[in-house]
**Q** 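The structure that follows is given in the form of structure tokens.
Numbers here are sequence positions counted from 1. Treat the numbers as computed from the prediction; the structure is a model and nothing was measured.
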Amino acid sequence: MTGDSDQRTQDDTRAESAPVARAATGRARQRVAVVIPAKDESRRIAATVRSARAIPHVDLVLVVDDGSEDNTQHVAREAGAVVVRHSHNRGKAAAMETGAAVVAMRDAPDRPPRLLLFIDGDLGDTAVNTAPLVPPVLEGTADVSIALLPPQPGAGGRGIVVGAARRAIQSMTGWTPTQPLSGMRCLTREAFEAATPLARGWGVETGMTIDLLRKGFVAVEVPCDLRHRPSGTDLRGQLHRAAQYRDVQLAVAARRVRSVGGKRR
């Protein structure tokens with residue numbers, strides 16, 4: 001949404017025609033699959049899996065071991081998760097796509113496709129607190145719900161990457177998210193497929209949000225009391241944030257180019 005009347009008209013028309021927050025037939029029978037992309041999370045993955053299994057409506061917890069060099073896959077399996085493994089590290093977006101594909105293969109043909117609840121592998125016992133993300137999507141008031149996390153002890157960033165992602169999403173969609181990089185998200189199968197192929201690397205959340213909003217899907221942010229391992233102020237943390245910034249900018253640039261190309265056609 002750019003502010004001009006023509007753009008608003010296009011957005012209104014797209015929102016009316018898109019499958020925004022419609023309650024599906026048989027929604028009372030809807031199930032939820034938790035998908036956990038994980039790499040070298042053997043210390044926390046068991047607690048995360050056990051906690052995720054307690055989320056209402058969840059009947060499948062799937063861990064995608066993205067080329068771990070530790071025992072993540074074995075620990076996750078022992079904790080009750082279904083585990084699939086990448087032989088080498090392919091990145092979060094690839095792990096999310098693999099997870100969604102495996103869930104689709106396990107969906108029953110006589111039931112609605114499972115909702116997809118993506119969470120991080122380091123949430124530990126707080127993973128169950130992603131439960132508030134499910135009702136807005138289950139009840140049809142949103143197509144994707146995004147977790148708002150409380151301040152994390154030890155976090156060392158200055159908000160540069162978050163600010164860049166927020167401004168990009170606002171300029172391209174008209175919606176200003178509070179936490180654009182939040183990876184805990186629940187969405188419908190239809191919304192997930194509309195967002196694919198996902199942006200690579202750490203740009204996956206920013207790219208997904210832009211793609212879905214521009215296609216008329218509805219997003220909401222929901223407070224969730226979650227705790228995870230934040231990046232600090234040391235060299236490793238700084239390199240992590242530099243990679244985040246790079247990937248967010250790449251995701252945004254690709255969508256700006258796509259937008260220009262669409263207008264020319």
Side-chain angles (χ1 to χ4, degrees), residues 29-135 137-138 143-147 182-200 204-205 208 224 226 228-229:
R29 304 172 63 212
Q30 187 85 54
R31 298 174 296 171
V32 178
V34 175
V35 179
I36 309 175
K39 183 179 186 300
D40 298 331
E41 289 291 356
S42 60
R43 288 186 175 184
R44 295 175 178 239
I45 196 65
T48 302
V49 168
R50 287 192 294 264
S51 187
R53 293 177 67 190
I55 298 171
H57 303 286
V58 167
D59 74 333
L60 172 62
V61 176
L62 175 70
V63 171
V64 181
D65 183 343
D66 190 30
S68 293
E69 297 178 0
D70 63 8
N71 292 324
T72 293
Q73 63 169 323
H74 304 299
V75 175
R77 191 173 290 110
E78 290 173 0
V82 173
V83 179
V84 293
R85 175 174 164 79
H86 292 164
S87 60
H88 61 280
N89 181 243
R90 295 170 52 190
K92 185 177 182 179
M96 291 171 67
E97 290 171 350
T98 294
V102 172
V103 172
M105 290 188 291
R106 287 173 169 262
D107 282 341
D110 61 337
R111 299 186 67 166
R114 289 178 175 89
L115 301 183
L116 299 170
L117 175 57
F118 292 97
I119 70 173
D120 292 345
D122 63 353
L123 293 180
D125 293 333
T126 70
V128 69
N129 295 337
T130 59
L133 295 175
V134 175
V137 183
L138 187 68
D143 301 297
V144 56
S145 56
I146 303 168
S182 176
M184 275 57 72
R185 299 176 174 224
C186 182
L187 64 165
T188 63
R189 165 67 59 174
E190 189 173 10
F192 181 81
E193 292 179 351
T196 57
L198 301 177
R200 300 293 99 178
V204 59
E205 289 88 7
M208 173 186 286
C224 296
L226 305 174
H228 69 106
R229 183 178 56 252

**Q** Which salt bridge (charged side-chain N to carboxylate O under 4.0 Å, His left out) pairs, counting each pair once, include a residue from residues 86-96, with sequence neighbours left out?
**A** K92-D120, K92-E205
**Q** Among residues at least two apart in sequence or on other chains, which ones pass side-chain contact (heavy atoms from CB on, under 4.5 Å) with S182?
**A** I146, A147, L149, Q179, M184
**Q** Sequence neighbours excluded, which residues qualify as side-chain contact (heavy atoms from CB on, under 4.5 Å) partners of A38?
**A** E41, I45, V63, T72
**Q** Residues two or more places apart in sequence or in another chain: which of them pass side-chain contact (heavy atoms from CB on, under 4.5 Å) with R200?
**A**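 With sequence neighbours excluded, R200 shows a side-chain contact (heavy atoms from CB on, under 4.5 Å) to A93, A94, E97, L198, given in chain and number order.
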**Q** In residues 128-135, what donor-acceptor pairs under 3.5 Å come from side-chain atoms, sequence neighbours left out?
**A**
unit_1 : atom_1 : unit_2 : atom_2 : d
N129   : ND2    : D225   : O      : 2.8
T130   : OG1    : A127   : O      : 2.8

**Q** Is there side-chain contact between M96 and V35, with heavy atoms separated by less than 4.5 Å?
**A** no
**Q** For A199, which residues count as a side-chain contact (heavy atoms from CB on, under 4.5 Å) partner, sequence neighbours excluded?
**A**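 With sequence neighbours excluded, A199 shows a side-chain contact (heavy atoms from CB on, under 4.5 Å) to A251, R255, given in chain and number order.
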**Q** Run V34 and L62 through side chain to side chain contact (heavy atoms under 4.5 Å, CB included) and show every step you take.
**A** CA-CA 6 Å; V34 175; L62 175 70; over 6 Å; no
**Q** Taking C-beta and beyond as the side chain, do H57 and Q30 meet within less than 4.5 Å on heavy atoms?
**A** no
**Q** For D107, check side-chain hydrogen bond (donor to acceptor under 3.5 Å, both in side chains) against everything at least two apart and list the hits.
**A** R114
**Q** Please identify each residue that fulfils salt bridge (charged side-chain N to carboxylate O under 4.0 Å, His left out) with R106, with sequence neighbours left out.
**A** none
**Q** If you count heavy atoms of other groups shown closer than 6.0 angstrom to CZ of R43, is the number above 12?
**A**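 Check fails, neighbour count at 12 or below.
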**Q** Which residue pairs satisfy the ring pair (Phe, Tyr, Trp, His ring centres under 6.0 Å) criterion with at least one member in residues 64-107, sequence neighbours excluded?
**A** none
**Q** Determine yes or no for a side-chain-to-main-chain donor-acceptor pair under 3.5 angstrom, with T48 supplying the side chain and G121 the backbone.
**A** yes
**Q** Do V103 and L116 touch side chain to side chain, with heavy atoms closer than 4.5 Å?
**A**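 Result yes, sub-4.5 Å side-chain heavy-atom pair found.
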**Q** Out of L117, L115, V144, D143, which residue meets the side-chain contact (heavy atoms from CB on, under 4.5 Å) rule with L187?
**A**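 Exactly one option meets the side-chain contact (heavy atoms from CB on, under 4.5 Å) with L187, and it is V144.
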**Q** So, taking the atom named OG in S51 and the one named CG in L226, what distance separates them when rounded to the nearest 0.5 Å?
**A**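 That separation rounds to 9.5 Å.
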**Q** Testing the basics here: between A104 and R189, what is the closest heavy-atom pair and its distance to 0.1 Å?
**A** N-NH2, 3.3 Å
**Q** Rounded at 0.5 Å granularity, tell me how far CG in N89 sits from NZ in K39.
**A**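 Atom-to-atom, N89:CG and K39:NZ are 5.0 Å apart.
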**Q** Do the non-hydrogen side-chain atoms of T188 and V137 ever get within less than 4.5 Å of each other?
**A** yes
**Q** Are D122 and R44 close enough for a salt bridge, meaning some N to O gap below 4.0 Å?
**A**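 Salt bridge absent between D122 and R44.
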**Q** Suppose the criterion is salt bridge (charged side-chain N to carboxylate O under 4.0 Å, His left out): which pairs have a residue in residues 65-75, not counting sequence neighbours?
**A** D65-R85
**Q** For residues 94-118, which residue pairs qualify under ring pair (Phe, Tyr, Trp, His ring centres under 6.0 Å), counting only residues two or more places apart or in two chains?
**A** F118-F192
